[in-house]
Number of protein chains: 2
Amino acid sequence: MNGCSDNTGPMARTSGSHSEITGPRLREAAQRLFARHGYASVTMRQIAAEVGVQVGALYNYIPDKQGLLADLMRAHLEELLAAWAAEPRGEGPLGALEAFTRFHIRFHLERPDAVFIAYMELRNLAPENFAGIEALRKRYETELEDILRAGQAAGVFDLPDTKLATLAVIAMLTGVTTWYRDAGRLSRERVAGLYWDMVRKAVAA
Amino acid sequence: MNGCSDNTGPMARTSGSHSEITGPRLREAAQRLFARHGYASVTMRQIAAEVGVQVGALYNYIPDKQGLLADLMRAHLEELLAAWAAEPRGEGPLGALEAFTRFHIRFHLERPDAVFIAYMELRNLAPENFAGIEALRKRYETELEDILRAGQAAGVFDLPDTKLATLAVIAMLTGVTTWYRDAGRLSRERVAGLYWDMVRKAVAA
DNA sequence: GATTGAAATGAACGGCTGTTCAGATAACAC
DNA sequence: GTGTTATCTGAACAGCCGTTCATTTCAATC
């Protein structure tokens, strides 16, 4: 009689095994809430309510709140690196830079919550978690830096300081997540094209 | 016998009037702690300890924690607008854009804590505070947008979407605060120059 | 030297925090 | 139909949260 999402009465596992349901739902709820209100402001009870479960049940899936945050960030960054690794590049440094630009904007606009967390909650990571996650972030940065360096070496780009240019381009591109809305006047492809215009000109020789 | 900073014994006002000292010190401590650990993670007791005072004393200077955050952000943004209003502009849209670029980087690098708070703690503002502060932020954005629009009209810039270009440039410039360190290899002037090179090329006709 | 009032103390308030765990429940294996 | 095991409940824990306030302290004023 009680459906899976009918929590009007006391129960433990109402129908079928929930282990494969609750785990993902927990991560989705936490991601949404962390992005919306910030890690420190979100309580485990809020997350539990969103999942439709009591607080204690969450600890069947996570070691603690801090571990949950670290897992979310690590998963996001690893997905980012894997997706970029699988992304087709254009020809030469210019083609690679265009591929990176369009990929970065597309990937980030598809995961606003995960992006928000990855950029805003670094300071809430315990030191032992911070190191590994910062390393992943660095690896992604290096992907762009390599492209810029290759273009500089080939004389296609004019960048007096490759490292600074890397950070400037990434900051500019990531900024799109702070204002873009699906209901806005610009499509994602149009936005990516406009950003690519600016990036191309900014690094051009 | 008891110095001002000697808090080994019970006392209320050990020497001189503290009202003109404690207020600013409270704001400085809060700004530093909010920037470092995030608004939600910082407790009033931490702030009080930093000031060298008991918790209750803080409430002689602020209405509540939320009001403290709002005051810090409003003060920062008003200072930003006032400083830009007093900044000498170069000639024409290109000169104005260079002035804005160099001003933005200089101003932001001089106040890393305030900048961090202004960009990261917006979601921790109560709705009634958010509206006013968002309006100030918008006013600053408009300053850059006006420059770009003027340059576009004059044919000096080539910007298919002025609004998007505004947000892209601001994001790129503000990003400098996330990596710049005084002990690094680049001076602030050098950094501003390198960013100006990229901005100039990115918007160029 | 007595009075005043700003400023700080120290303790208290109710409520919320992350986390734990014994016990209840229901799906599954046999 | 019995036993096992994964899963969840419900309650509890100790501790911290923002905020308040009666009281104390002391520079300034008369």
Side-chain angles (χ1 to χ4, degrees), chain A residues 1-26 29-30 33-34 37-71 121 124-126 129, chain B residues 1-27 29-30 33-34 37-71 124-126 129:
Chain A
M1 179 158 280
N2 284 339
C4 170
S5 57
D6 180 4
N7 52 2
T8 55
M11 55 183 170
R13 235 181 9 168
T14 49
S15 74
S17 175
H18 285 180
S19 69
E20 289 154 12
I21 299 283
T22 306
R25 291 233 298 161
L26 158 56
L33 289 171
F34 286 169
H37 309 292
Y39 169 77
S41 298
V42 174
T43 72
M44 298 303 290
R45 283 168 181 82
Q46 277 180 271
I47 299 174
E50 196 93 345
V51 177
V53 111
Q54 295 297 316
V55 208
L58 300 183
Y59 289 85
N60 289 328
Y61 304 93
I62 57 166
D64 48 31
K65 193 189 180 188
Q66 168 70 207
L68 172 58
L69 175 63
D71 275 357
E121 304 294 359
N124 285 119
L125 283 174
N129 292 326
Chain B
M1 181 158 280
N2 283 339
C4 171
S5 57
D6 179 5
N7 52 2
T8 54
M11 54 181 169
R13 234 179 13 163
T14 49
S15 74
S17 175
H18 285 178
S19 69
E20 290 154 10
I21 299 283
T22 306
R25 290 231 300 161
L26 159 55
R27 276 166 177 76
L33 289 171
F34 285 169
H37 309 292
Y39 169 77
S41 298
V42 174
T43 72
M44 297 303 289
R45 284 169 180 80
Q46 277 179 272
I47 299 174
E50 195 92 348
V51 177
V53 112
Q54 294 298 316
V55 208
L58 301 183
Y59 290 84
N60 289 328
Y61 304 93
I62 57 166
D64 49 30
K65 193 188 180 189
Q66 167 70 208
L68 171 58
L69 175 63
D71 274 357
N124 285 118
L125 283 175
N129 293 326

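Keep in mind it's a predicted model, so treat the numbers as computed, not measured. Protein chains get the first letters and strands the later ones, always in sequence-line order, with residue 1 at the start of each.
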Distance test, side-chain N/O of B:Y61 to OP1/OP2 of C:dA8, below 4.0 Å: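 For B:Y61, the contact criterion (side-chain N or O under 4.0 Å from OP1 or OP2 of C:dA8) is met.
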
Presence of A:T43 side-chain N/O under 4.0 Å of C:dC16 phosphate oxygens OP1/OP2: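 No.
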
Closest to the [X] side chain: [options]?
| X | options | value |
| --- | --- | --- |
| B:V55 | D:dT9, C:dG18, D:dT19 | D:dT19 |
| A:V53 | D:dT9, C:dA8, D:dT19 | D:dT9 |
| B:R45 | C:dG18, C:dA8, D:dG18 | D:dG18 |
| B:Q54 | D:dT19, C:dG10, D:dC8 | C:dG10 |

Whether A:K65 side chain and A:Y39 backbone form a donor-acceptor pair below 3.5 Å: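 Confirmed, A:K65 side chain pairs with A:Y39 backbone.
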
Any donor-acceptor N/O pair, B:Q66 side chain to B:N124 backbone, under 3.5 Å: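 It does hold such a pair.
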
Distance in angstrom units between [X] [atom1] and [N] [atom2], rounded:
| X | N | atom1 | atom2 | value |
| --- | --- | --- | --- | --- |
| A:I21 | D:dC8 | CD1 | P | 10 Å |
| B:D64 | D:dT19 | CG | C1' | 9 Å |
| A:L26 | C:dT19 | CG | P | 12 Å |
| A:Y59 | C:dT19 | OH | P | 4 Å |
| B:I62 | C:dA7 | CD1 | P | 15 Å |
| B:H37 | D:dC16 | NE2 | C1' | 17 Å |
| A:L58 | D:dT7 | CG | P | 14 Å |
| A:M44 | D:dA12 | CE | P | 21 Å |

Position toward the 5' end of DNA chain D (nearest nucleotide), A:G56 or B:P63: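 Of the two residues, A:G56 wins.
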
From CA spacing to verdict: side-chain contact (heavy atoms from CB on, under 4.5 Å), A:L58, A:I47: CA-CA 9 Å; A:L58 300 183; A:I47 299 174; 4.2 Å; yes

Sugar-phosphate only, base, or nothing, as touched by B:V42 at under 4.0 Å among non-hydrogen atoms: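 Sugar-phosphate contact only - B:V42 comes under 4.0 Å of backbone atoms but never of a base.
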
Closest contact, heavy atoms only, A:V51 versus A:L26: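 Taking A:V51 first and A:L26 second, the nearest heavy atoms are CG2-CA, 3.7 Å.
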
Stepwise side-chain contact (heavy atoms from CB on, under 4.5 Å) test for B:V42 and B:E50: CA-CA 11 Å; B:V42 174; B:E50 195 92 348; over 6 Å; no

